[in-house]
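Reviewing the structure listed below.
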Amino acid sequence: MSNALYSKFSGETAFAHVKELVNFGPRPAGSSNLEKSREYIVRELTKVGWATELQTVDKLTPEGTVKFTNVRARFNGRGWSEQVSGMICSHYDTKKFGFEFVGANDGGSSTGALLEMGRVLGLKPELAREIEMVFFDGEEAFGPNITTTDGLYGSRHYASLQVLVPVKKRPKWGILLDMVGDKDLNIRAAVQIPNSSIRDLKVADDSGHSVDMGRVNQSLELMSRQLLSVADDLKVRSKIGISSEFIIDDHIPLNTAAGIPTINLIDFDYQNYWHTPADTLDKISAESLEIAGKVTLLLIEKYLIQ
């Protein structure tokens, strides 16, 4: 593609963002360290032309009521009520443990990649204005695992507001990044939606406010093929594939509660370090961040925004 943005993405710059986030220490929802991370995200986006809005909600958790704060970003005067073509997103919190968990990959890598995408997208304002970036709070559960009532707090809240908007005015697609920095990168995009999480199988009613899961699944299948195509284009097909299983992550509420077809770029082949004290900067690389960033940007430019 002539004048394609993907080549401008710097893995080194994304890595530097991750390092800044990790230096804040553990960043669980409701913590002062997460507030510092949020301030950093807002500051860095503002530098490169993005306006931000904090979307807050109080939710009951196993540890009592916690305030969760999503960071929404739109480029250069794009109004919050105006329709955008699509969204790219990440969670920026880390899971709360009794040990030092800094989440270099889980929470850090995707957030750093999105911040660098913000810079790169700003080089083409007409494209940037078609995208909303969202940094979700509260992806991590307070208990051992994400359940129907614990975890995905920020994305559930975001989706609950989006479903109030008529289908034609919601983003047409979404790309969620999570755990994309592993040195031995093995992204297997999550596009399967478990039946137990599907809230509404009906075609949108006359009000245009319900969710058509048939349309969502068709879009996910198409985006899967497009993802593999751009991976081939960039000669990173060995690093990018499609998972045959479902993964519970922030894309689930976006798909099932808001009807926004959203794929999840995630490397879940990280079991030796996932949710352990060893999820540190030395386990991730600028090269992996660059692959994830370039694949995302080329997917957007080549297929999702014409």
With side chain to side chain contact (heavy atoms under 4.5 Å, CB included) as the test, would you mind laying out the steps for Asp232 and Ser229 before giving the verdict?
CA-CA 5 Å; Asp232 281 330; Ser229 175; 5.6 Å; no
Could you go through the side chain to side chain contact (heavy atoms under 4.5 Å, CB included) check for Ile260 and Trp173 one step at a time?
CA-CA 6 Å; Ile260 301 171; Trp173 52 265; 5.7 Å; no
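Between Phe97 and Phe99, the angle of the ring planes stays under 30°, which puts this pair in the parallel group of the 30/60° scheme.
Rounded to the nearest 0.5 angstrom, Ile175 CD1 and Met223 CE are separated by 5.0 Å. Once rounded to the nearest 0.5 Å, the distance linking CZ of Phe142 with CD of Glu63 reads 5.5 Å. Ile263 CD1 to Ile242 CD1: the interatomic distance, rounded to the nearest 0.5 Å, is 6.5 Å.
A pairwise comparison of heavy atoms in Leu5 and Leu123 identifies CD2-CB, 4.0 Å as the closest pair. The nearest pair of heavy atoms linking Ala29 to Asp93 is N-CB, 4.3 Å.
Between Asn217 and Arg215, the side chains place no donor N or O within less than 3.5 Å of an acceptor N or O (distance only, hydrogens not considered). No hydrogens or angles considered: nothing links the side chains of Tyr92 and Arg27 as a donor-acceptor pair under 3.5 Å.
Salt-bridge check for Asp137 with Lys67: failed, with every basic side-chain N at 4.0 Å or more from each acidic carboxylate O.
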Ignoring hydrogens and angles, write down the donor-acceptor pairs under 3.5 Å from the side chains of residues 102-113, residues two or more places apart or on other chains.
residue, atom, partner, partner atom, Å
Asn105, OD1, Ser109, OG, 3.0
Asn105, OD1, Val180, N, 3.4
Asn105, OD1, Gly181, N, 2.9
Asp106, OD1, His91, NE2, 3.1
Asp106, OD2, Trp274, NE1, 3.3
Asp106, OD2, His275, NE2, 3.1
Ser109, OG, Asn105, O, 2.7
Ser109, OG, Val180, N, 3.1
Ser110, OG, Ser90, OG, 2.7
Ser110, OG, Leu177, O, 3.4
Thr111, OG1, Ser90, OG, 3.1
Thr111, OG1, His91, O, 3.1
Thr111, OG1, Gly107, O, 2.7

Using atom types as modelled, flag every donor-acceptor pair under 3.5 Å from a side chain in residues 79-89 to any protein atom, sequence neighbours excluded.
residue, atom, partner, partner atom, Å
Glu82, OE2, Gly79, N, 2.7
Gln83, NE2, Lys168, O, 2.6
Gln83, NE2, Arg170, O, 3.2
Ser85, OG, Glu130, OE1, 2.6

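Screening Asp178, Asp250, Asn255, Asp249 for a side-chain hydrogen bond (donor to acceptor under 3.5 Å, both in side chains) involving Asn264 leaves a single residue, Asp249. Shown are Phe68, Phe136, Phe135; of these, the ring pair (Phe, Tyr, Trp, His ring centres under 6.0 Å) with Tyr158 is made only by Phe136.
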